[in-house]
Amino acid sequence: MNYTKADVLQAEATMNQMRNAIYHLARFMEKNGKTDQVKRLRRMGRNIARTIFNYWKPISMVTVVNVKDVISTIYKKILISNIFIEIKDDLIRVKENNCALCKYHYEDVNIAGCEITLGLVSEFISLISKKSKDMSSIYLEPYEVEQSRALGHTSCIQVYKMKSGGDL
């Protein structure tokens, strides 16, 4: 069966395949001495966001007022995940109890699959903001994966740094 990119957005099995591939890739990179795994996974997330953005946009503008709703929508639609969001100063902390990319603890892997999520969500928000060209729009940068189920924690916590369109 052949899927179009738009069809893949609707397929739930995709996450299982992606999660398995991430950890095989992490092991491969580790074995081959790649020390920039975080950078590579985040770049993968950014590339995924650019592709999905061609087929789906949840809103036309992201501001401080609606950022929580937009992030929740992106997690729900793309990652099939419900999240808890806390905003303090310019940091957005997203707690995900059922991260699709970090479902299992891997003793032999030292990187969280949700590094991809950091790249994906921040890029998606930034693409919406670039397209809106509104000065009140915000942009996100990946900050850190604070916790990950793949690393043995009980949940994943991804942290984003928020910047306003006027700061760029």
Side-chain angles (χ1 to χ4, degrees), residues 3-19 22 36-103 111-150 155-168:
Y3 289 105
T4 66
K5 290 179 181 178
D7 293 334
V8 171
L9 184 57
Q10 303 299 321
E12 291 184 29
T14 308
M15 280 302 158
N16 291 331
Q17 295 166 350
M18 188 168 172
R19 180 183 55 244
I22 291 166
D36 60 347
Q37 293 181 18
V38 168
K39 180 179 172 184
R40 289 171 183 255
L41 291 182
R42 288 182 184 178
R43 186 172 60 222
M44 285 174 70
R46 287 192 312 274
N47 290 339
I48 292 166
R50 288 184 200 119
T51 299
I52 293 172
F53 190 75
N54 291 321
Y55 300 94
W56 176 73
K57 295 163 196 69
I59 198 162
S60 60
M61 188 169 72
V62 183
T63 65
V64 173
V65 174
N66 69 358
V67 68
K68 278 186 170 184
D69 290 335
V70 177
I71 291 173
S72 291
T73 300
I74 291 170
Y75 271 82
K76 183 170 252 168
K77 178 72 174 174
I78 298 173
L79 301 165
I80 312 161
S81 185
N82 293 315
I83 57 172
F84 304 96
I85 301 174
E86 173 189 53
I87 299 177
K88 187 174 181 184
D89 300 321
D90 65 343
L91 295 180
I92 299 174
R93 184 171 272 102
V94 176
K95 182 177 182 183
E96 192 175 13
N97 291 324
N98 294 309
C99 177
L101 301 178
C102 299
K103 190 172 183 176
I111 191 164
C114 54
E115 290 289 354
I116 291 174
T117 303
L118 272 175
L120 186 150
V121 173
S122 60
E123 182 70 9
F124 211 93
I125 298 288
S126 295
L127 288 168
I128 294 168
S129 294
K130 283 178 194 170
K131 186 168 180 134
S132 77
K133 298 178 183 170
D134 190 290
M135 292 304 284
S136 63
S137 292
I138 62 159
Y139 293 78
L140 296 185
E141 290 181 359
Y143 190 70
E144 69 177 340
V145 172
E146 191 174 283
Q147 293 182 15
S148 171
R149 291 174 63 198
S155 62
C156 291
I157 299 177
Q158 299 112 22
V159 183
Y160 302 89
K161 187 168 187 168
M162 186 171 39
K163 292 186 171 192
S164 70
D167 293 342
L168 300 175

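The nearest pair of heavy atoms linking I116 to M44 is CD1-CE, 4.1 Å. Shown here for S60 and S132, the closest heavy-atom pair between the two residues is O-CB, 3.2 Å. Nearest heavy atom pair, residue I111 against residue E115, reads CG1-CG, 4.1 Å. The two atoms that bring I52 and I78 nearest to each other are CD1-CG2, 3.8 Å, heavy atoms only.
I125 CD1 to F53 CZ: the interatomic distance, rounded to the nearest 0.5 Å, is 10.0 Å. Distance check, rounded to the nearest 0.5 Å: CG of L140 to CG of L91 gives 10.5 Å. The NZ atom of K95 lies 12.0 Å from the CD atom of Q158; values are rounded to the nearest 0.5 Å. Here the CG atom belonging to N66 is positioned 7.0 Å from the CE atom belonging to M61, to the nearest 0.5 angstrom. To the nearest 0.5 Å, the span separating CG on L79 from NZ on K76 amounts to 12.5 Å. In this structure, OG1 in T117 is found 4.5 Å from CG in L101, a value given to the nearest 0.5 Å.
With a 4.5 Å cut-off on side-chain heavy atoms, L118 and Y160 count as touching. A heavy-atom distance below 4.5 Å is found between the side chains of C156 and R149. Contact check for L120 versus I74: side-chain heavy atoms found under the 4.5 Å cut-off. Taking the side chain as every heavy atom from C-beta outward, S137 and V62 never approach each other to under 4.5 Å. A 4.5 Å side-chain heavy-atom check between M162 and I87 finds at least one atom pair inside the cut-off. The shortest side-chain heavy-atom distance between V64 and S164 does not fall under the 4.5 Å cut-off.
Within a 6.0 Å sphere centred on NZ of K39, other residues, nucleotides and ligands contribute 12 heavy atoms or fewer.
A salt bridge (charged side-chain N to carboxylate O under 4.0 Å, His left out) check over residues 80-94, counting only residues at least two apart or in different chains, returns the pairs E86-R93, D90-K161, R93-E146.
Partners of R43 by salt bridge (Lys or Arg N to Asp or Glu O under 4.0 Å), not counting sequence neighbours: none found.
With no hydrogens or angles considered, a side-chain donor-acceptor pair links E96 and S81 at under 3.5 Å.
F124 and W56 have tilted rings, their planes meeting at an angle from 30° to 60° on a 0 to 90° scale.
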